[in-house]
Amino acid sequence: MKNPIHVFKFGGASVRNADAIRNVASIIRLYRETPLLVVVSAMGKTTNALERVVSAYQAGKDFTGEIQAIQDYHAGIMKDLFAEGHPIWNEINKEFAELPSRMTKGLVLDQLYDQVVSRGELISTRIVAAHLQQEGLPAIWVDARKYILTDNTYREGKVDWEATYKKTQELTPILEKSFIVTQGFIGVTPDGFTTTLGREGSDYSAAIFGSCLGAASVTIWKDVPGVMNADPKRIPGAKPFHELPFREAAEMTYYGASVIHPKTIKPLANRGIPLLVKNFDDPSLEGTRIHETKVGRLPPLIVFKDNQCLISCGVTDYTFIDEQQLSQILHAVSKQNLKINVMQNSAISFSFCVDFREDKVLSLIEELAENFQVYYNTGLTLITVKNYDEDTYQQYSRQAGVVLEQTSRSTLQVLVKV
Ligand code: ASP
Ligand code: MG
């Protein structure tokens, strides 16, 4: 290959309507000479809508209205992009006609979920590829399920890296002649069932392709000017970083920054492939470069994580919380697959905060209540200020409604009732 390969990822918002898709084409046109693999998510909120189809099926309710709404949404976009007789209409209508039959008894629920929810990406990429072709760009549609090979952990497929690496090498010669348009978020099991890689997993797909192809960079195109030091919807003065070390970016995602999927960094950092976050409304903006670098003092970074639950386990007699009991508590948390976002212990109690995923949290509390006095609060927000300074410390610590506060040398965390 003469020129290095680059990988682009466009999320749901960047293909949410016909104009957005035209904009994707205009960005790709800027990179005409570049071997480019383009990963695309489902359009707009399609994944949520498909989840509702699965829930309705599971509840034994009618789901035809929901499917019709998804189909109408896509048809509206296609009407704007394609003439009536364009072959894309048949392809997409067929997808929707087949959708109900993907809900087959005999599949376990998570397996069925993946067969249905993955259609959002399969549909969006067909539409995007057809539009690029119509615009005279040499694009071909590739089924990611031929290349991203996973185990059968449905809804959270674990990548078989060796097999995926081998398969993806077949893409290199194709990239010499064409842009590849493929799906984020999906893979395939050894016995041919579709898997998904976890919600918002398209960033991760881009990182998998980028890492296996030894790309020169992976770019995530977003509606923000780059990785910001706070969510601009929450803090109006938020500013983008020019560059960030991989480690810093990985920690941000750990604390709940949703700009990049948490699994994205590792495969790229391991191979030293820079991750760029750029603005799809203004591709001339520099964006943020996440790479192997040392940045002196970074400005404070503020991350809000909503929907938190604080659980406190107290001992029921006058003994102290000991390691035996701590390990019992942590074991119960890990059994529910919950992740502790912050924790604190005292002589007679242990408190920790997790995302409030209701079913899991309630079963956890039930189990803990067998041995401890359990209290819990929901509706909390965890605010993390990484690299806090005097101003941000004053602003966020000891504010009204704080139920837990913790400071280390670099990080301030407060859990507040808002
Ligand atoms: N469409 C999937 C989701 O909404 C994957 C993604 O957008 O990254 O979760
Ligand atoms: Mg998305």
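Each ligand, and each atom within it, is numbered from 1 in the order the structure gives. Not measured: the values here are computed from a predicted model.
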Donor-acceptor side-chain pairing of D223 and N279 below 3.5 angstrom: no
Would you say E33 and N3 are linked by a side-chain donor-acceptor pair, where the criterion is simply a distance under 3.5 Å? no
Does any N or O atom in E121 lie less than 3.5 angstrom from one in ligand 1, N or O only? yes
Part of H261 within contact of ligand 1 (heavy atoms, under 4.0 Å): neither
Test: K339 cationic atom under 6.0 Å from Y254 six-membered ring centre, within 45° of axis: yes
Between S202 and ligand 1, which residue portion shows a heavy-atom distance shorter than 4.0 Å: side chain, backbone, both, or neither? both
Do E51 and Y113 meet the criterion of a side-chain donor-acceptor pair at a distance under 3.5 Å? yes
Show which atoms of ligand 1 fall inside a sub-4.0 Å distance from at least one heavy-atom site of S41. 6 (C), 7 (O), 8 (O)
With nothing but distance in play, are any N or O atoms of R199 less than 3.5 Å from an N or O of ligand 1? yes
Just checking, any donor-acceptor pair under 3.5 angstrom between side chains of T194 and R145? yes
Measure the distances from the heavy atoms of G201 to every atom of ligand 1 and state whether one is below 4.0 angstrom. yes
